[in-house]
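Heads up, the thing below is written out as structure tokens.
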Amino acid sequence: MQQMMGRTAAPDDISTGSESDYANSWISWFLSTKGNEYFCEVEEDYILDRFNLTGLNAEVQNYAQALDLINDNLGDDDIEDEMRATIEVNARFLYGLIHARWIVTSRGLAKMLEKYKKADFGRCPRVFCYSQPLLPVGLTDVPYEKAVKLYCPRCEDIYTPKSSRHGSIDGAYFGTTFPHMLFMVYPHMVPPKSAPNAGPTVPGQQGANREGAVGPAGVGTVSTAAAAMKAERYKPKIFGFGVHETARWQRWQEAMRDKQVGRLEAYERDEEARRQRDIARTR
């Protein structure tokens with residue numbers, strides 16, 4: 001359970017935040033702790049609005065004290081060290097649950113978008129994704145069930161974080177909605193399925209895609225049907241010939257893909273025709 005709660009504060013973790021950071025803000029100390037790089041800062045106004053925290057008091061033990069600790073209002077007087085450690089764990093858990101709600105707001109999405117542009121969550125290990133930046137995602141919104149995973153918007157698959165520190169974070173701290181909500185709000189950040197034409201990718205580099213939008217290398221907007229046709233796949237071969245069993249499955253998969261692409265193209269044509277009719281009526 002401690003693994004899913006973001007881990008208790010180990011000595012080497014605490015040492016990563018300066019004394020001034022800890023004295024000024026618990027949130028600053030928390031964000032500077034090793035293993036918490038995926039989190040963004042939740043604005044104080046959001047935390048102080050009790051409406052945003054509806055229902056969390058039933059999920060977090062010592063809720064009032066944990067919230068006071070997050071807001072730097074918890075006095076150290078008359079609190080034993082053991083109780084202080086328990087409240088610290090509860091505060092980490094509470095902040096994670098608040099964080100999951102915050103990052104699907106407009107301001108939270110904007111903060112996470114900046115981290116995505118800098119590839120703070122890592123890059124896809126798949127060769128044909130060309131170092132595509134990743135986004136954290138939960139497999140469930142229920143705490144203590146699944147650890148956080150990393151979602152690649154290019155191959156649309158998920159991966160386990162390389163670092164064990166990151167791999168032990170509860171996926172409920174990011175939720176199942178976040179990455180998909182981000183691309184709905186910022187559709188120009190959806191990467192194309194084909195190889196980027198901007199050359200080698202440099203960590204943190206931001207370049208313009210062919211549509212002119214600015215973001216991580218290889219990020220842009222493309223038709224769904226066109227994207228499906230351009231997706232690159234590795235094909236096992238022996239002396240140039242496809243491996244029999246794999247080739248058979250790939251032929252079936254490609255036939256299913258072509259069938260679905262046909263449906264997508266028909267849908268896109270219908271949508272374009274409908275849009276043109278609406279424009280004609282407004283004139």
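Below, all heavy atoms of this structure are taken into account, side chains as well, without hydrogens, waters or symmetry copies. Counting begins at 1 with the first residue of the sequence. Keep in mind that what you see is a predicted model, and the values were worked out from it rather than measured.
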Using the rule that Ile, Leu, Val, Met, Phe, Trp and Tyr join whenever any side-chain heavy atoms are under 4.5 Å apart, tell me whether [X] and [Y] fall into a single cluster.
X      : Y      : value
Met184 : Leu182 : no
Val142 : Leu139 : no
Val137 : Tyr144 : yes
Val185 : Leu135 : yes

Steps toward side-chain contact (heavy atoms from CB on, under 4.5 Å) verdict (His99, Phe174) = CA-CA 7 Å; His99 184 268; Phe174 298 90; 3.5 Å; yes

Ignoring hydrogens and angles, tell me if any N or O in the side chain of [X] forms a donor-acceptor pair with the backbone of [Y] under 3.5 Å.
X      : Y      : answer
Asn71  : Asn73  : no
Asp72  : Trp26  : yes
Arg101 : Asn52  : yes
Thr33  : Trp29  : yes
Ser164 : Gly167 : no
Asn90  : Tyr63  : no
Arg154 : Cys129 : yes
Glu37  : Gly35  : yes

Indicate the atoms forming the closest heavy-atom contact of [X] with [Y], along with that distance.
X      : Y      : answer
Ile70  : Ala91  : CD1-O, 3.5 Å
Tyr38  : Pro136 : CD1-CB, 4.5 Å
Leu150 : Pro161 : CD1-CA, 3.9 Å
Trp102 : Glu41  : NE1-O, 3.4 Å
Leu53  : Leu67  : CD1-CD1, 3.9 Å
Leu97  : Val60  : CD1-CG2, 4.0 Å

If we only count heavy atoms from C-beta on, is the [X] to [Y] side-chain gap below 4.5 Å?
X      : Y      : result
Leu69  : Arg84  : yes
Leu31  : Asn36  : no
Cys155 : Cys124 : yes
Leu109 : Ile103 : no
Lys117 : Pro133 : no
Met112 : Phe178 : yes

Between atom [atom1] of [X] and atom [atom2] of [Y], what is the distance when rounded to the nearest 0.5 Å?
X      : Y      : atom1 : atom2 : result
Ser32  : Ile27  : OG    : CD1   : 12.0 Å
Arg50  : Leu56  : CZ    : CG    : 11.0 Å
Asp170 : Glu145 : CG    : CD    : 9.0 Å
Tyr267 : Glu272 : OH    : CD    : 12.0 Å
Arg126 : Ser131 : CZ    : OG    : 12.5 Å
Lys149 : Ile158 : NZ    : CD1   : 6.5 Å

Measure centre to centre between the rings of Tyr116 and Phe121, then say whether the value is under 6.0 Å.
->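 Ring-ring flag for Tyr116/Phe121: false, centres at least 6.0 Å apart.
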
Ring center gap for His180 and Tyr151 short of 6.0 angstrom |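 Yes - the distance between ring centres of His180 and Tyr151 falls below the 6.0 Å cut-off.
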
In this structure, are over 12 heavy atoms from other groups packed under 6.0 Å from [X] atom [atom1]?
X      : atom1 : value
Gln260 : CD    : yes
Met83  : CE    : yes
Glu82  : CD    : no
Glu59  : CD    : yes

Before giving the answer on side-chain contact (heavy atoms from CB on, under 4.5 Å), spell out for Asp157 and Cys152 the whole-Å C-alpha distance, their side-chain angles and the decisive distance to 0.1 Å.
-> CA-CA 6 Å; Asp157 206 346; Cys152 174; 5.6 Å; no

Positive for salt bridge (charged side-chain N to carboxylate O under 4.0 Å, His left out) with Asp278, one of Arg274, Arg281, Arg275 |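 When salt bridge (charged side-chain N to carboxylate O under 4.0 Å, His left out) is applied between Asp278 and each of Arg274, Arg281, Arg275, only Arg281 qualifies.
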
Any ion pair linking Arg92 and Glu88 (charged N to carboxylate O, less than 4.0 Å)?
->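 Between Arg92 and Glu88 there is a salt bridge, with a charged N closer than 4.0 Å to a carboxylate O.
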
Could Glu114 and Lys111 be called an ion pair, given the rule that one side-chain N must be under 4.0 Å from one carboxylate O?
->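 Answer for the salt bridge query: no.
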
If the plane angle is over 60° it's perpendicular, under 30° parallel, otherwise tilted; pick one for Tyr95 and Phe39.
->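 Tilted, since the angle between the ring planes falls between 30° and 60°.
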
Please walk me through it: do Gln132 and Arg123 pass side-chain contact (heavy atoms from CB on, under 4.5 Å)?
-> CA-CA 5 Å; Gln132 168 67 38; Arg123 296 182 181 273; over 6 Å; no

Apply the test side-chain contact (heavy atoms from CB on, under 4.5 Å) to residues Val42 and Ile98: give CA-CA distance (whole Å), side-chain angles for both, the deciding distance (0.1 Å), then the verdict.
-> CA-CA 8 Å; Val42 180; Ile98 296 173; 4.0 Å; yes

